Asks: 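Dropping a structure here in structure tokens format, bear with me for questions.
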Amino acid sequence: MTDRTDDRRHEGERPALSHAVYGISVASELTDIPVQTLRLWERQGLLAPQRSKGGTRRFSADDITLIRRIAALVADGVNLAGVARILDLRDANEALRDNNKALQEDNDILRSAAGYDFEERQSVHSQRARTDGTRNRARQTG
DNA sequence: ATTCTTACA
DNA sequence: TGTAAGGA
């Protein structure tokens, strides 16, 4: 054993998923996507790998996963514009889900703070439909 | 040696 | 779309 103490013998160690460490050629080998295609996809807005100080692309494990998802869509015949829109829709859905969750939590807090008992209510929609119908009927008779 | 952008056919 | 030039 010489003093090559910087040899990496911890084979289980892996960079964090968001840690951008792979050069474009490594990303290409890992995904079986040609280097030029990766560059094209980035220009189309499908990818946004980090850049090193020198300006070269640095891909993270998350980027590799994204590349595989894009490749799957392309293999299904989706063109690049379609892929971009599908990815945007996914992001929008996540945002909507998060927002909805936050609203529900706010609602829970407000409900308990107000002291109302909504145990009988089955859903927002059935409740609203019932009250609207009652109001309309009252207006017609009166 | 590799990667990057730009440009040209 | 592919390839070559030229810089980092």
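This is a predicted model, so every value here is computed, not measured.
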Asks: Rounded to whole Å, please give me the gap between CD in Gln50(A) and P in dC4(B).
Replies: 14 Å
Asks: How far apart are the closest heavy atoms of Tyr22(A) and Ala61(A), and which atoms are they?
Replies: CE1-N, 4.0 Å
Asks: What is the nucleic acid contact for Gly55(A), judged by heavy atoms within less than 4.0 Å: base, sugar-phosphate only, or nothing?
Replies: sugar-phosphate
Asks: Please give, in whole Å, the distance from dC4(B) P to Gln36(A) CD?
Replies: 11 Å
Asks: Tell me which nucleotide among dT6(B), dT3(B), dT5(B) gets nearest to the side chain of Arg43(A).
Replies: dT6(B)
Asks: How long is the line joining CZ of Arg51(A) and P of dC4(B), in whole Å?
Replies: 6 Å
Asks: Between atom CD of Gln50(A) and atom NE2 of His19(A), what is the distance when rounded to the nearest 0.5 Å?
Replies: 8.0 Å
Asks: Is the closest side-chain donor-acceptor distance between Thr65(A) and Asp62(A) under 3.5 Å?
Replies: no
Asks: Please check if atom CZ in Arg85(A) has more than 12 non-hydrogen atoms from other residues, nucleotides or ligands closer than 6.0 Å.
Replies: no
Asks: Starting from P on dT1(C), measure out to CG on Asn79(A) and report it in whole angstrom.
Replies: 12 Å
Asks: Which of residues 62-70 of chain A sit near DNA chain B, with a heavy atom under 4.0 Å from it?
Replies: none
Asks: Check whether any side-chain nitrogen or oxygen of Thr56(A) sits under 4.0 Å from OP1 or OP2 of dT2(B), and answer yes or no.
Replies: no
Asks: Has Glu29(A) got more than 12 heavy atoms of other residues, nucleotides or ligands less than 6.0 Å from its CD?
Replies: no
Asks: Pick from Val26(A), Ile33(A), Thr31(A): which one makes a side-chain contact (heavy atoms from CB on, under 4.5 Å) with Ile64(A)?
Replies: Thr31(A)
Asks: Using a heavy-atom cut-off of 4.0 Å across all strands, would you classify Arg58(A) as base, sugar-phosphate, or nothing?
Replies: nothing
Asks: Is there a Watson-Crick or G-U wobble partner for dA8(C) with both distances under 3.5 Å, and which nucleotide is it?
Replies: dT2(B)
Asks: If I take atom CG in residue Leu40(A) and atom P in nucleotide dG2(C), what distance separates them, rounded to the nearest angstrom?
Replies: 10 Å
Asks: Answer yes or no: does a side-chain N or O of Arg39(A) lie under 4.0 Å from OP1 or OP2 of dC4(B)?
Replies: yes
Asks: Return the value, rounded to whole Å, for the distance between atom CZ of Phe59(A) and atom P of dT2(B).
Replies: 17 Å
Asks: Return the minimal non-hydrogen interatomic distance between Val74(A) and Trp41(A), and the atom names on each side.
Replies: CG2-CZ2, 4.1 Å
